[in-house]
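Below: one structure, written as structure tokens.
Each chain gets a letter, A, B and so on, in the order its sequence line appears, and its residues count up from 1. Since the model is a prediction, treat every value here as computed from it, not as a measurement.
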Amino acid sequence: TNHPRIWIGVVYVILLMLVIPWYWPAGDIRHYYGLPLWVISTLIILLITSGFTAWVFLSND
Amino acid sequence: MNYILPFGPGAWAFITLYIASLLLLGFAGRAARKENTLQDFYLAGRGFGFIVLLLTLYATQYSGNTFFGVAGATYRVGFGWLIAVHYMLAMIVFYLAFAPKLHRLSKVKGYVTPTDYLEDRYKSKAISFIAPIVMIVALSNYLLAQLMTMGRALQGLASPEYGDIAYNYGVVGLALVMVIYGTLGGIRAIAWTDVIQGSVLIIGFIVLLALLFDQFGPLSAATEKISSTTDSFKIARPQGPMLREWLSYILIIGMGGALYPHAIQRIYAAKSQRTMNRSLALMAFMPFITALIAVIAGIYALAYIPGLEGAATDQILASLLRIIQENSILGYTVVVVIFSAVLAALMSTADSAMLSISSMFTKDIYAAHVARQADQAELTQIGKKCSWVVVSLLVFLALLLKNHASLIALIDRKFDILVQLAPAIMLGIHFPLLKRTPVFIGLITGLIISLGLAFGPFDFVEAGKIFGFHPGLYGLTINIFITIIGSALIDRAKP
């Protein structure tokens, strides 16, 4: 029963690393429909995090 | 009042109807009471269904800060304040760490306050004494900030010569309405008003986004406009130090927000675990229709109302609304809707904090240390009186601190102290190994380090943070270390 918890924890650590846009070039002000590209990529990862969180809650003994 | 605020009879009729509906729900909550007990008054007999639980969690979690603070911070730092979406989502993620199991335990053991769980888990008088004090101090600070923002909301709309009077009306009037329906119907009335307030809040945010597009044009035009000014760095990805702050905010608000006592009591009040899981699953998407819209509002203000500094930046939402009201045919009507949404955000958070403080004072302090033989009806009465006393004191403080907003910033360390409860609650619920003595020593050490770093005369503390991290996280690190190592040593020393 502990396996799923460890797996979920590992996924969250990976998402935490991705949700902070340290890997995006500093000073880049390109934007798409007003949202900077680094904001769009961060929002996509946030949405994935929300979806994953919802799935974990809905599948939760 | 007409001469103080720019509202006509129609607007006042709408706002009066709105406030009357809240008071009516207070009476309805009282009529729906099943028994005169703390369980009924503070947890509604643990009967919250999916919609009520979702909207009461939503209306409580999104406070006046979501409207004013997030938009103002975005104005100051630009898209870097996207972190507001992160930390609102982080709260829901941290619920995963303890909410499902805590809900099941609360059903079996009949917990009313967070301290009931700690008492049951550790059976330590020291932990049960210090924990409610930590939570009451943190929540009182939070409630005071909401009351002051109520005043500021009216002050921002009033003409300058009536600003002070509008502030007083805002603080006293709304606090009075809140304490009446809160003490009449308890958590039942507060949750029902949250259904109205949560709905108004969602509509308000969506209407705000539509109005911004209608009044100022597409977001791309606002971003282009900022790009061509000296503020263009506010479009770019934040630099390293700011990204460290991002990580700090995710951890401290994520954990601290999940440990808000009024939020934990909503976990207790859920009808079933399935209901709670469904509500929290949907809450994971709410930052995108609230915090993100507040960030976008801040970007519009930065583009079209440039040059503001300091405290004025926290009023930029009111400034945007004033422009919309003056220039849009529908402006007046929708500004009233958004103003109602602001009231909803403030009152729905403040009333929950008020009731939670009253429950902890009544059950964890009065019943535990003063009147151990008191019956449930007497305790419920004490809880109601406590609400009146707490709100009266905080209203007095809010009026006293009217022109000292910086004092609020100074005492805004609620998350630094709340997160010190994380090892006891989040780790303690999963690991029977954790012992009460190291948990207590860790908690006290964490509090001393956090407050010492925050208020001490240290050169290395910049803007309330050290190397970009909140003092509370340094305290929490030592707290966790003491809790785990101490518990392991005690376990090993056993014969």
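Interface remark: A:Y12 contributes side-chain atoms only to the contact with chain B (heavy atom separation under 4.5 Å). In this structure, the portion of B:F288 lying under 4.5 Å from any heavy atom of chain A is its side chain and not its backbone. At a 4.5 Å heavy-atom cutoff, the contact between A:W38 and chain B is made by side-chain atoms alone. Proximity to chain A is limited to the side chain of B:I250, based on heavy atoms less than 4.5 angstrom apart. Residue A:L43 touches chain B through both its backbone and its side chain, counting heavy-atom pairs closer than 4.5 Å. Using a 4.5 Å cut-off between heavy atoms, B:L292 contacts chain A through its side chain alone, with no backbone atom that close. Proximity to chain A involves both the backbone and the side chain of B:L243, based on heavy atoms less than 4.5 angstrom apart.
Of the inter-residue distances, the one linking A:L46 atom CG with B:M88 atom CE reads 13.0 Å to the nearest 0.5 angstrom. Rounding to the nearest 0.5 angstrom, the gap separating the CD atom in B:Q273 from the CZ atom in A:F57 is 9.5 Å.
Side chains of B:F79 and A:L35 form a contact here, defined as non-hydrogen atoms less than 4.5 Å apart. When side chains are defined from C-beta on, A:T42 counts as touching B:H86, because their heavy atoms get closer than 4.5 Å.
Taking a 6.0 Å sphere around CZ of B:F481, one finds it holds 12 or fewer heavy atoms contributed by other residues, nucleotides or ligands. Within 6.0 Å of the NZ atom in B:K107, the count of heavy atoms belonging to other residues, nucleotides or ligands exceeds 12.
The two residues B:F285 and A:A54 come nearest to each other via the heavy atoms CE1-CB, 3.7 Å.
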What do the steps show when you test B:M283 against A:T53 for side-chain contact (heavy atoms from CB on, under 4.5 Å), and what is the final call?
-> CA-CA 10 Å; B:M283 279 291 287; A:T53 303; over 6 Å; no

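No other option in B:L280, B:L247, B:L282 has as many heavy-atom pairs under 4.5 Å with chain A as B:L280. Per-residue counts of heavy-atom pairs under 4.5 Å with chain A were compared for B:A281, B:P238, B:A222; the largest is that of B:A281.
Of the residues listed (B:V93, B:V85, B:L89, B:I92), the one engaging A:S50 in a side-chain contact (heavy atoms from CB on, under 4.5 Å) is B:L89, and it is the only one.
A donor-acceptor contact shorter than 3.5 Å is absent between the side chain of B:S220 and the backbone of A:G34.
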